[in-house]
Amino acid sequence: MSLPNNTNIHPSTFLLLGIPGMEAIHTWISMPFCLIYLSALLGNCPILFIIRTDSNLHEPLYFFLCMLSVADLILSITAMPKILSIFWFHDREIYFEACLVQVFLIHSLCSMASGFILAMAFDRYVAICNPLRHSIILSHRVIQNLGLAIIFRGVVLFSPQPFMLRWLPYCRTNVIPHTYCEFMALIKLACAETRICRTYSLTAAFLTGGLDFLLILCSYVVILYTVFHLPSKAARLKTLGTCGSHVCVILVAYTPAFFSFLTHRFGHHVAPHIPIFVANIYILVPPMVNPMIYGIRTKRIRERFLQVLTSHKF
């Protein structure tokens with residue numbers, strides 16, 4: 001029995017439709033998308049610069065925030081230029097290999113961002129529940145190793161996905177009803193048994209985002225238990241205030257991720273543009289909002305940012 005020719009089962013290019021059913025208003029949709037993209041770039045770059053140049057901010061929480069900002073920046077650069085080219089220039093074609101690279105980068109970077117949020121939760125746990133040993137437990141070496149472990153996890157768990165997609169035959173269509181290349185969107189185009197691929201994808205998602213979220217919940221249960229055993233109300237409020245920014249980041253990251261999972265899993269009867277919108281919010285909004293949250297709520301970052309602005313002005 002002869003093996004099928006690779007050129008017949010693998011299209012040279014895929015066509016990204018954008019947001020199905022809303023092609024007529026793609027130009028209007030591109031305006032908020034473009035603003036989100038610019039906000040992500042203009043928000044994360046100053047955060048990285050301020051933390052890099054201000055020695056007072058060389059603390060575990062801000063190192064993890066830097067790692068999160070780098071992941072957010074690369075995620076935005078990976079997805080947004082192609083999305084905007086679809087909306088503005090109707091440039092829907094993407095090479096097969098480029099599509100596989102985008103799948104790997106988007107999924108692995110989302111995993112890394114989740115891991116960095118978990119690391120920030122661990123920092124809050126140590127700072128509140130074991131403050132005297134905070135600098136010993138979270139030394140520079142430990143922070144570096146945690147960062148490398150999170151990156152390694154994202155690469156190892158999601159590097160098989162492009163190979164899985166490459167092995168599948170695509171004899172139905174090369175049209176992807178999405179704004180970017182996404183694993184489950186490509187799986188739906190395959191004309192072969194994909195149960196193993198789907199199971200692996202769900203397992204990888206649970207071992208990253210799902211497990212991270214459970215560990216974050218556990219850390220905050222212990223944090224709340226510790227806080228409510230503090231002697232005074234003022235101390236309790238002050239301690240909880242140190243977690244405010246991180247809680248906002250958790251909500252921004254995991255709320256759209258949760259709805260994206262639900263629409264993929266159970267939203268078979270919803271309008272086709274809803275899951276695509278939710279998926280775009282999942283990868284586009286957190287990179288824009290995260291630097292805003294820490295820039296507005298963290299006094300040291302806010303003061304340093306204003307100081308840099310005024311020094312350039314004068």
Side-chain angles (χ1 to χ4, degrees), residues 32-81 105-106 108-127 134-135 138 140 142-151 154 212 216 241-257 280-313:
F33 274 55
C34 184
L35 287 175
I36 289 171
Y37 181 46
L38 291 175
S39 299
L41 296 179
L42 296 174
N44 285 289
C45 289
I47 288 284
L48 291 170
F49 174 77
I50 288 167
I51 294 173
R52 173 70 180 83
T53 56
D54 191 343
S55 58
N56 292 322
L57 294 171
H58 291 179
E59 297 176 3
L61 179 66
Y62 301 116
F63 285 136
F64 291 132
L65 178 59
C66 278
M67 296 176 196
L68 179 62
S69 290
V70 171
D72 284 345
L73 275 173
I74 301 173
L75 182 61
S76 295
I77 293 167
T78 299
M80 273 308 301
L105 286 175
I106 287 175
S108 61
L109 287 165
C110 287
S111 159
M112 292 174 202
S114 175
F116 296 137
I117 293 171
L118 172 61
M120 293 163 80
F122 179 62
D123 168 79
R124 292 298 84 205
Y125 162 76
V126 176
H134 181 253
S135 59
L138 284 171
H140 286 286
V142 171
I143 293 166
Q144 183 180 10
N145 289 338
L146 275 174
L148 290 173
I150 290 165
I151 293 168
D212 290 348
I216 289 168
T242 63
C243 300
S245 298
H246 186 245
V247 170
C248 292
V249 168
I250 293 167
L251 292 174
V252 168
Y254 287 102
T255 303
N280 279 277
I281 290 170
Y282 172 48
I283 68 163
L284 300 179
V285 172
M288 174 192 72
V289 176
N290 291 341
M292 290 182 180
I293 291 169
Y294 273 94
I296 292 169
R297 290 186 58 88
T298 307
K299 186 180 178 182
R300 276 192 262 179
I301 294 178
R302 188 170 66 246
E303 288 177 348
R304 179 66 177 150
F305 181 71
L306 292 172
Q307 184 183 347
V308 170
L309 278 181
T310 53
S311 64
H312 280 291
K313 185 177 178 180

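From a predicted model like this one, the values you see are computed outputs, not experimental measurements.
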*Run the side-chain contact (heavy atoms from CB on, under 4.5 Å) check on Asp54 and Arg300 step by step: do they pass?*
CA-CA 9 Å; Asp54 191 343; Arg300 276 192 262 179; 5.6 Å; no
*Looking only at non-hydrogen atoms, find the nearest pair between Gly115 and Ile150 and report the distance.*
O-CD1, 3.3 Å
*State whether the number of non-hydrogen atoms from other residues, nucleotides or ligands found under 6.0 Å of Arg302 atom CZ is greater than 12.*
yes
*Provide the closest heavy-atom pair for Ser39 versus Met288 in the form atom of the first, atom of the second, distance.*
CB-CG, 3.5 Å
*Residues, nucleotides or ligands: over 12 heavy atoms within 6.0 Å of His58 NE2*: yes
*What distance separates Ile106 CD1 from Ser111 OG, expressed to the nearest 0.5 Å?*
13.5 Å
*Would you say Cys110 and Leu75 make side-chain contact, with heavy atoms under 4.5 Å?*
yes
*Can you see which heavy atom on Met80 is nearest to which on Cys34, and at what distance?*
CE-N, 4.5 Å
_As a quick check of understanding, evaluate side-chain contact (heavy atoms from CB on, under 4.5 Å) for Met120 and Ile250, giving each step before the final call._
CA-CA 10 Å; Met120 293 163 80; Ile250 293 167; over 6 Å; no
_Worked verdict on Ile151 versus Phe116 for side-chain contact (heavy atoms from CB on, under 4.5 Å)_ = CA-CA 9 Å; Ile151 293 168; Phe116 296 137; 4.2 Å; yes
*Are the side chain of Ser108 and the backbone N or O of Leu105 linked by a donor-acceptor pair below 3.5 Å?*
yes
*Interatomic spacing from OH in Tyr62 to CD1 in Ile50 - rounded to 0.5 Å*: 11.5 Å
*Out of curiosity, Leu35 CG to Leu284 CG, how far, rounded to the nearest 0.5 Å?*
12.5 Å
_Which atom of Ala40 lies closest to which atom of Ser76, heavy atoms considered_ = CB-OG, 3.8 Å
_Tyr37, OH atom: more than 12 neighbouring heavy atoms under 6.0 Å_ = yes
*If you take all heavy atoms of Pro256 and Tyr282, which pair is closest and at what distance?*
CB-CA, 3.8 Å
*State, with a plain yes or no, whether a side-chain heavy atom of His134 is found less than 4.5 Å away from one of Pro60.*
yes
*Quick one: pull up OG1 in Thr78 and CG in Leu109 and give me the separation to the nearest 0.5 Å.*
5.5 Å
*Determine the minimum heavy-atom distance between Pro286 and Ala253, stating which atoms define it.*
CG-CA, 4.3 Å
*asked:* The test is side-chain contact (heavy atoms from CB on, under 4.5 Å); show your working for Leu65 and Ile301 and say whether it passes.
replied: CA-CA 12 Å; Leu65 178 59; Ile301 294 178; 4.2 Å; yes
*Donor-acceptor pair, Asn44 side chain versus Pro287 backbone, under 3.5 Å?*
yes
*asked:* Quick check for you: to the nearest 0.5 Å, what is the distance between Asp72 atom CG and Ile47 atom CD1?
replied: 11.0 Å
*At what distance, to the nearest 0.5 angstrom, does NE2 of His246 lie from CG of Asp123?*
8.5 Å
